[in-house]
Amino acid sequence: MITWRVERENSGSGARRASWWWPVGWLLAAGWAAAFPLVSDVGTHRVWGVCAAFGYTAAAVASRVLPRPRAVRVPVVLALAGAVVLPLLLLVLTGQAQSEVDVIERSGRLLYATGTPYLDAPRRVEEYTPYLPGMALLGIPRALLGEHGWAARYFGDARVWCAAVFLACLVASRAVVRQRGQRRRPGGGVRSHVGSHVPDGDARFAAVTAVLIASPVVALPLCVSGVDLPLAGLCVLAIAFAVHGRPVAAGLVLAAACSLKWTAWPALPVVVALLGRAWGARPALRCAGTAIAGTALLILPSALLSPGQMVEQVLAFPTGRGELATPATSPLPGRLLAEQGATGWAVAVTLLLCGASAVGVSLVLRPPRDAVGAADRLAIGLSVAFLLAPAGRFGYLALPVLLVVWARSVGAGSVGARWSGTGSADARWSGTRSVSAPSSRTGSAPPDRDADAQLATAGAGRRS
């Protein structure tokens, strides 16, 4: 795993393995990027591919010829420069973007001027807004700044704000994980711990995050559209809050995510199940209530102003049942079935509902107990949805990948002794064991006690 490799880069066996897998990894990324100018007819993809191919190639060479530890750090900087900084500046300042960026910025202008992000009578695909009203907020800077001058072009671009939300959520999730000191349970009782911050934890997280952003999984969408990045960042932040028993904060973050795209809605039952398993029914209900109320407050104004257009553009159009055909036509299983006519579309929707039901049943029977479990369960649910939806794109699958990598890079662990506040979030990855502070009621608790036993004891304490 990438976290293990970054952490072990200075060890003997890790250094020997890194001497070849870093160059190979960057070369694979360079090959992937170099394919875009050859096979893609999308201008933004071609520009990104040329810039990123040079950046990844330079990273591969540097990782092979430079001495350690620069053999890891310098290539990451080169990859970030070639795959993120250069193409993003070039595309933004020259006004090149995928249609999603124009849609967000237009919806921002409409929301600012009329109170609703949806056109009354769209005639072309480009005039549709297949997002919920919250996404239009990322287009407000364009409405306020305009497009005159390089500063207005850059800071008004929706991609910049999508990336800013994504990065802010990643940093905030790390801040939640590394919090230490005394912690109060949502249902009552006080829990304290010590040693919840290993000094190299932040450096390790920064290294893994830099590699993730430099990888094609994040770099490509960040430069050309960025529309799914805020959703990904908000989902991981909601999971982080839930693991640490902060239901209201998790609910507010979920409300923000669910007001962007309906594809964020599966995160709500996952986070609620995590809270119910880790902290009890009352915090789970508080989170659900906060998320539902917040989402309604963000969506209802636009829904009341333009209900018909919202249904047509947000629900019918993305699922292939709108008046115009959706451009999301990647040959995924659901799309291939939908192309067979009404029967094929019905089969795809039926399979989608069955997959969603299976994930839902798993949340009831075996709710996730930690951040890794919650992120994996959400990734599975989203993958099923993207694969079986009547319309979709391969790029949507980047969101599940982000969830899986994040949970393993930020210091995720079990509720009982890793993320819940009884032990160090970093200790699991550093190979050390944290020491729990003595409880005023039960004495000193063993730091490696099973998570379920800890939760049962806490529940008994609340009932008493």
Side-chain angles (χ1 to χ4, degrees), residues 1-3 169-170 173 176-177 212 217 228 231-247 249-251 253-258 260-281 283-288 290-292 295 334 351-389 392 396-420 425 428 451-452 455:
M1 279 215 268
I2 193 168
T3 52
C169 288
L170 290 184
S173 69
V176 172
V177 171
L212 178 63
V217 174
D228 288 318
L231 189 149
L234 291 169
C235 285
V236 301
L237 181 57
I239 292 174
F241 278 131
V243 170
H244 280 278
R246 299 174 64 178
V253 173
L254 283 175
C258 291
L260 299 179
K261 296 179 70 175
W262 59 264
T263 50
W265 293 358
L268 176 57
V270 172
V271 172
V272 169
L274 172 61
L275 275 166
R277 170 72 183 272
W279 301 94
L285 292 176
R286 289 175 63 192
C287 174
T290 303
I292 294 172
T295 303
L351 291 175
L352 176 61
L353 293 176
C354 290
S357 300
V359 176
V361 170
S362 74
L363 291 175
V364 174
L365 298 180
R366 293 197 63 181
R369 61 183 291 173
D370 55 26
V372 172
D376 289 350
R377 202 75 58 90
L378 180 56
I380 292 171
L382 291 174
S383 297
V384 170
F386 296 150
L387 290 172
L388 298 179
Y396 297 164
L397 297 173
L399 177 53
V401 174
L402 282 172
L403 290 168
V404 171
V405 174
W406 165 82
R408 288 159 174 81
S409 67
V410 78
S414 74
V415 168
R418 297 165 188 160
W419 271 51
S420 66
R428 177 173 182 251
D452 291 332
L455 293 174

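Residues V271 and F241 are not in side-chain contact: their nearest non-hydrogen atoms beyond the backbone lie 4.5 Å or more apart. Side-chain atoms of T263 and Y396, non-hydrogen and from C-beta on, never get closer than 4.5 Å to each other. In this structure the side chain of P247 never reaches within 4.5 angstrom of the side chain of T290, judged on heavy atoms. Between R408 and D376, the closest side-chain pair of non-hydrogen atoms falls below 4.5 Å. By the 4.5 Å heavy-atom criterion applied to side chains, L403 and V236 are counted as neighbours. The shortest distance between side-chain heavy atoms of V405 and V217 does not fall below 4.5 Å. Two residues are said to be in side-chain contact when any heavy atoms from C-beta on lie closer than 4.5 Å; R286 and L275 fail this criterion.
One distance of note links CG of L231 with CG of L402; it measures 10.5 Å at 0.5 Å rounding. Taking CZ of F386 as the reference point, atom CG of L352 lies at 11.0 Å (rounded to 0.5 Å). Interatomic distance, CG of L237 versus CG of L170, reported as 9.0 Å (0.5 Å rounding). With rounding to the nearest 0.5 Å, the separation of CG in L388 from CG in L353 is 10.0 Å.
A288 approaches V272 most closely through the heavy-atom pair CB-CG2, 3.8 Å. The heavy-atom pair separating A257 from A264 by the smallest distance is O-CB, 3.4 Å. Of all the heavy atoms in L382 and P266, the pair that sits closest is CD2-CG, 4.1 Å. Annotation for A232 and L399: closest pair CB-CD1, 3.2 Å, computed over non-hydrogen atoms. Closest non-hydrogen pair, A250 versus A242, comes out as CB-N, 4.1 Å. Summarising the geometry of A255 relative to A291, their closest heavy-atom pair is CB-O, 3.7 Å, with the distance given to 0.1 Å.
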Practice item. Could you walk me through whether I292 and L268 pass the side-chain contact (heavy atoms from CB on, under 4.5 Å) test, one step at a time? Key: CA-CA 9 Å; I292 294 172; L268 176 57; 4.1 Å; yes
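The closest donor-acceptor contact from the side chain of W279 to the backbone of R246 lies at 3.5 Å or more, if one exists at all.
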